[in-house]
Protein chains: 2
Amino acid sequence: MNSPIRPPADAALAHGEASALIVRLLPFIGERRLEPGDRLPSERLLAERFGVTRAIVREAIAKLEAMRVVERRPRSGVYLRAESQVGSLDAIVMKADLGLPFDLRESDHLSEFRSILETQAIELACVRRTQEDIDRLDACMSACRERFGRGESIAQPSADFHLAVVAATHNQFLLRAANSCYLATRELREAVFTDPTVCRRSIRDHQKIRDAIVKGSVTLARRAMKDHLHVANHYWRTQFATGEAAAGAASPAKHRRRRGPMTR
Amino acid sequence: MNSPIRPPADAALAHGEASALIVRLLPFIGERRLEPGDRLPSERLLAERFGVTRAIVREAIAKLEAMRVVERRPRSGVYLRAESQVGSLDAIVMKADLGLPFDLRESDHLSEFRSILETQAIELACVRRTQEDIDRLDACMSACRERFGRGESIAQPSADFHLAVVAATHNQFLLRAANSCYLATRELREAVFTDPTVCRRSIRDHQKIRDAIVKGSVTLARRAMKDHLHVANHYWRTQFATGEAAAGAASPAKHRRRRGPMTR
DNA sequence: CGTACCAATCTGGTAATACCAGAAAGCGAC
DNA sequence: GTCGCTTTCTGGTATTACCAGATTGGTACG
């Protein structure tokens, strides 16, 4: 199983009324000026207000609770948590998943976070990589080249490569955090990685990174990764700005409802 | 109602049948040898099997879905996702929250992850800290000293200090990731931070860190943080080992049910 | 008056049941 | 065999009801 470790399917939160309710719930919280510690309306009221069942409300709240956006107190109510302090990483990732936009500041912070993870990860990867890790890197490289040759976007195999690097640290926490980053930026990456210039540059950089890891040279690898991330973040920022400009009214991140047979 | 500082209330996932079901569900997945991509039994079967309602099953699955442990495919089934690749950071944090044990390997990886976040964070903090950030650091220091003076555990204010450092980066992603780390280790930290030696050492180290941040000296701060983390991780590892040995009995703080080891 | 106590009424937590629509499997007709 | 129907799965949603803490309001008592 050398293929890049990737889920067969799309992201998770897009289905059903419960997710739709979350999307409507967040602005509702905003316009009500609810602050951390405040209580949300009762489940029954919310159900009535949004025209759904209590079961739907409870499912939505369960998800928000899992992401530490909200806290349930039995027989008392549902309370908003202090977002910045207790929200989970995925509570932000979810924003993208639900079609809510990032602002530029958040985008930069995400880039910074990703850079931190990956520059540290590659050093560990140089030391810990196994043959299997290297095979996975090569598989991603092949996938990139193949897709590029067909003129397709290399967004996914490129992300897979980066994740494969992190995976070579064999540290689950690093891997999961990095994965969240790539989930959060999936849509915009699609756009960035259609530009042939970007693709060529990426593939070249990835090759350097891969070679450095194989060689086990920490300094080489870190240098290569830093260079790559620097350029990548630049492209990313540019793309984000243009996307931001075009993101006027309707959120373009909405065509996610794929229902295909899902070959697995 | 505005109590000074809200004792973070108990963590999130601990209430009710849905959470209990998650705890029973994970071992169930394990003993059934379900692998990524496999389908879970239908909701109705699970409900019958575990003696709860479908509503409970759905709530539990909603949480697992939010943490990207499983994936729902409408009118098809609930499928296990590739854990290492797609699970969220909080899917691991949850383990602690549900009373499931870490193994030593995971514990070390968590320490490593935390160290990466915080050593990078402190550099940014040196540059970006505002007066408000410094005030927060000082408040945490005071809380530490006060509690230590009363002979209480400084686990919470100590964690608050570390989080305040990360908060000074003004990077939400860093903060949330770091926060997840401290949530995951809450219980064990309580034990570690009752030892006066540890407390004294921590407070001293924190003071150094705080001063370096105020001074804005990146090199000093990084040095101080690295030293502190090194020692802290040592204490932590020791405590973990002893805790592991005594883990035959139930978790000391909670009277939560736990089943088999199931660490996969 | 003030206070202690009690009952109506909130809350979330859980249960039981039913129906819908897509998907898949069985199965008969050809 | 293959086509096409029907049955039987699946999750998705709605409805209703009851339980038990918590809150609240009022009332009876001191």
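Heavy-atom basis, side chains included; hydrogens, waters and symmetry copies ignored. Numbered from 1 within each chain, the chains take letters A, B, ... in sequence-line order. This is a predicted model, so every value here is computed, not measured.
Within 6.0 Å of the CD atom in Glu132(B), the count of heavy atoms belonging to other residues, nucleotides or ligands does not exceed 12. More than 12 heavy atoms of other shown residues, nucleotides or ligands fall within 6.0 angstrom of atom CZ in Arg150(A).
Under 4.0 Å is where a charged nitrogen must lie from a carboxylate oxygen, and between Arg72(B) and Glu59(A) at least one such pair does. A salt bridge links Arg73(A) with Glu71(A): at least one charged nitrogen is closer than 4.0 Å to a carboxylate oxygen.
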Evaluate the side-chain hydrogen bond (donor to acceptor under 3.5 Å, both in side chains) criterion for residues Trp236(B) and Ser107(B): first the C-alpha distance (whole Å), next the side-chain angles of each, then the deciding distance (0.1 Å), finally the verdict.
-> CA-CA 9 Å; Trp236(B) 166 255; Ser107(B) 173; 3.0 Å; yes
How would nucleotides 7-16 of chain D be written as a contact map, 5' to 3', with B for base contact, S for sugar-phosphate-only contact and - for no contact, using protein heavy atoms under 4.0 Å?
-> ---BBBBBB-
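With rounding to whole Å, Glu71(A) atom CD is found 18 Å from dT11(C) atom P.
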